[in-house]
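Below is one structure; the comments refer to it alone.
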Amino acid sequence: MIRFIARRLGQAAVIVAIVAAITFALIHLAPGDPFSAVLDNPNVSEKVRETLRAQYGLDRPLPEQFVRYIGALARGEMGWSFSHDLPVREVLATALPNTLLLMGVALVASFALGIIVALVQVARRGSIIDNVLGAISLFFFSMPDFWLAILALLALTYWLPIFPVGGAVDPVMHEYLGLGGRIVDRLKHLVLPALTLTLLASASVARYQRAALLDVLPADYIRTARLKGLTEKEILRRHALRNALLPIITLIGLSFPALLTGAFFIERIFAWPGMGYAVVNAIGTRDYPLVVGGVIIGSIMVTLGSLLADLLYAWADPRLRSH
Amino acid sequence: MASPLLSIRDLRTYFYTESGVAKAVDGVSFDIGAGETVGIVGESGCGKSVTALSILRLIQPPGRIEAGSRIDFEGKDLVTLPDEEMRNIRGNRISMIFQEPMSALNPVFTVGDQVAEVARIHAGIGRKKSWELAVETLALTGIPAPEERAKQYPHQLSGGMRQRVLIAMALIMKPALIIADEPTTALDVTIQAQILDLLVHLQKEFGTSILMITHDLGVIAETTSRVIVMYAGEIVEEASVTELFARPHHPYTEGLMHSMPHIGHDQERLNVIPGTVPSPTNWPHGCRFRERCPYSWDLPEREHPPLYDVGAGHTSRCHLAREPQRRNHPHEPLVVQEGVGAA
Ligand SMILES: Nc1ncnc2c1ncn2[C@@H]1O[C@H](COP(=O)(O)OP(=O)(O)OP(=O)(O)O)[C@@H](O)[C@H]1O
Ligand code: SF4
Ligand SMILES: [Mg+2]
């Protein structure tokens, strides 16, 4: 088991390095740099820009920049964010918890919701309820992220102004609230982005879980369970679900990238101050170090997520546990 | 005779498939007495498993037990019994053992838990008590070190051990009837004999009735006292085991006996009944065995044979009961030699 984890961590490191290199190359090959885009001030002379570029090493050949960057990474440095005027590490350290909160809530809620929907569907397979839930899942499944986010925003902040428009907390009032008030304020801001992300993710969970349950039902051990005198509900909840959860655990690992990109879009629309928000803005301002730093953290999250899913799978399936 | 434990009358189980109505079980009637071991034998597809699953009402759509069928068990008609009462019978008063010990156990639970579950459902006892009972029952089936085995998962056990676990599951509530559907087919020969011995032993010890389903007349000879031969969804012959082996009446039964591999005999070729079982969506009219029968004449073609009484509690669905002299003039051999038999 330890060897397996070590090998997977090694693979993860290689993947992250490759992603970092590609991102680094792509963003540097795109026209423009931080000082042509941000410092569009006519008072800033070309000479000053040159000096700035030299100061930040942007006049060096790309491979050299890359090697220097990797060297810095190894020391735990991720460079300087031009647009925030802060170390990249600090910018990401503030943004990461917000993204993790959003993704974590959406991950748990979407799997819980998706699994429950699938159980209800399969318990009444072929009925109107099954078909209606299936149609709703398909609707959310085929809906583009940003489209649902904008709809949710319109519906619940404008037509029915229940929730705040954006941000993680109320920019003015939050400081003046007591502990309870702060928690409520945070929750109120969390609901819309988390709900949007949950609905999007749970649609594929429900579809996948339903198929997995239907796959398991013809198995001989389900017939054995019927023979014992269990009710169909007990059979579904105990015997079928435990087995049908195994492929869903794999789905958790696979859904990480989608959840992360979904979170990026949704953060942008709800002005949720997470990594996605920071990175998307950084692309606009050609803040290379922040973009590359964000992508590296994102790819670490994805690879760790899939490793965790594999470990969970090995734990949940006794046939793999003994090895 | 006291009323039997199980009494099946005119059981019809049909499958409404796209290619037509498959009359898998088509008017089957038989009884099982308390403590009796009855065998059902027949080629693949003749309706043995469907009969067994019908008794427990575990036929899944598109299959259906037709109205007019009766399955009387301990004073209740299982065909019309409410679902909840039927669940009370499954695993409790009637239990079943399948052919596939490999896949019949749930891979994600320990075997002890799966055996104990039956007692939790029916005996209303908690986890600890039911676990102890499960370990005791596993011990009864001859599993060595049952405490340790109970904590293992199915994949950690051999085929024979898994079959013992399934037997323990079937036995834990001391049911009145155990249906064993080809309980040894998937096992190798020495293990087969052990499992059959175990079943016979448990039957004697607890007085449980057993319905032994098999395509192997050898298993029938070793374990049962009365035998039912099925062909094409019907019972074609029924007699005590000694009577059947001494005086088989139906040509199909004769064919089965001739195609039995004889242990000890150096048999180079395996005898088989020529032809194949007809399709259940389209049973031939008249005698269903007609196309494969060496004696067939115009009567079997015209008329579906009833179950004739041929003496000594022996019945046979064959018109030879009416015209026995025809048995002396077969048009063709009853069996053909085909393929090299197992050494
Ligand atoms: N789910 C089903 N759908 C359609 N037809 C079925 C179904 N189950 C069984 N049948 C039909 O019932 C017939 C009898 O099947 P059954 O399983 O009882 O045979 P069997 O005598 O147990 O044979 P075997 O020795 O192969 O187990 C089959 O030929 C098949 O046509
Ligand atoms: S009734 Fe005729 S065809 Fe049918 S089994 Fe008997 S002899 Fe053969
Ligand atoms: Mg069968």
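Chain letters run A, B, ... following the sequence lines, proteins first and then strands; every chain starts at 1.
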Under 4.5 Å from any heavy atom of chain A, what part of L105(B) do you find: side chain, backbone, both or neither? backbone
Once rounded to the nearest 0.5 Å, what's the spacing between atom CE of M212(B) and atom CD of E182(B)? 10.5 Å
Do any of residues 242-263 of chain A have a heavy atom less than 4.5 Å from a heavy atom of chain B, and if so, which, in residue order? R242(A), N243(A), L246(A)
Under the 3.5 angstrom rule, does the side chain of E147(B) hit a backbone N or O of V135(B) as a donor-acceptor pair? no
With distance as the sole test, does K48(B) use its side chain to make a donor-acceptor pair with the main-chain N or O of G42(B) at under 3.5 Å? yes
Provide the closest heavy-atom pair for L138(B) versus A150(B) in the form atom of the first, atom of the second, distance. CD1-CB, 3.9 Å
What part of M169(B) is in contact with chain A, defined as an atom under 4.5 angstrom from a non-hydrogen atom: side chain, backbone, both or neither? side chain
Would R210(A) and D130(A) pass as an ion pair if we require N to O under 4.0 Å? yes
Over 60° means perpendicular and under 30° means parallel, so classify the ring planes of F146(A) and F265(A), tilted if in between. tilted
Give a yes or no answer on whether the side chain of Q209(A) reaches the backbone of A118(A) with a donor-acceptor pair at less than 3.5 Å. no
Test your reading of the model: is there a side-chain donor-acceptor pair from S202(A) to the backbone of G114(A), 3.5 Å cut-off? no
Within residues 213-232 of chain A, which residues come under 4.5 Å of chain B, heavy atom to heavy atom? D220(A), Y221(A), R223(A), T224(A), R226(A), L227(A), K228(A), G229(A), L230(A), T231(A)
Most contacts with chain A, counted as non-hydrogen pairs under 4.5 angstrom, among I121(B), T110(B), V118(B): I121(B)
If we define contacts as heavy-atom pairs under 4.5 Å, which of L58(B), L53(B), N106(B) has the most with chain A? N106(B)
Output yes when a side-chain donor or acceptor of S69(B) lies under 3.5 Å from a complementary backbone atom of R12(B), and no otherwise. yes
Taking the inter-plane angle between the rings of Y153(B) and H155(B) on a 0 to 90° scale, is it parallel (under 30°), tilted (30 to 60°) or perpendicular (over 60°)? parallel
Could K76(B) and E74(B) be called an ion pair, given the rule that one side-chain N must be under 4.0 Å from one carboxylate O? no
Let me confirm one number: the CD1-CD1 distance from I172(B) to I167(B), rounded to the nearest 0.5 Å. 14.0 Å
Point-to-point distance, once rounded to the nearest 0.5 Å, from OG1 of T99(A) to CZ of F264(A): 6.5 Å
Determine which residues belonging to residues 82-95 of chain B lie within contact range of chain A, meaning some heavy atom pair is under 4.5 Å apart, and list them by number or answer 'none'. R87(B), R90(B), G91(B)
S54(B) and T13(B): side-chain hydrogen bond (donor to acceptor under 3.5 Å, both in side chains), yes or no, with the steps? CA-CA 7 Å; S54(B) 300; T13(B) 306; 2.8 Å; yes
For I129(A), all residues meeting side-chain contact (heavy atoms from CB on, under 4.5 Å), sequence neighbours excluded: V120(A), R124(A), S127(A), L133(A)
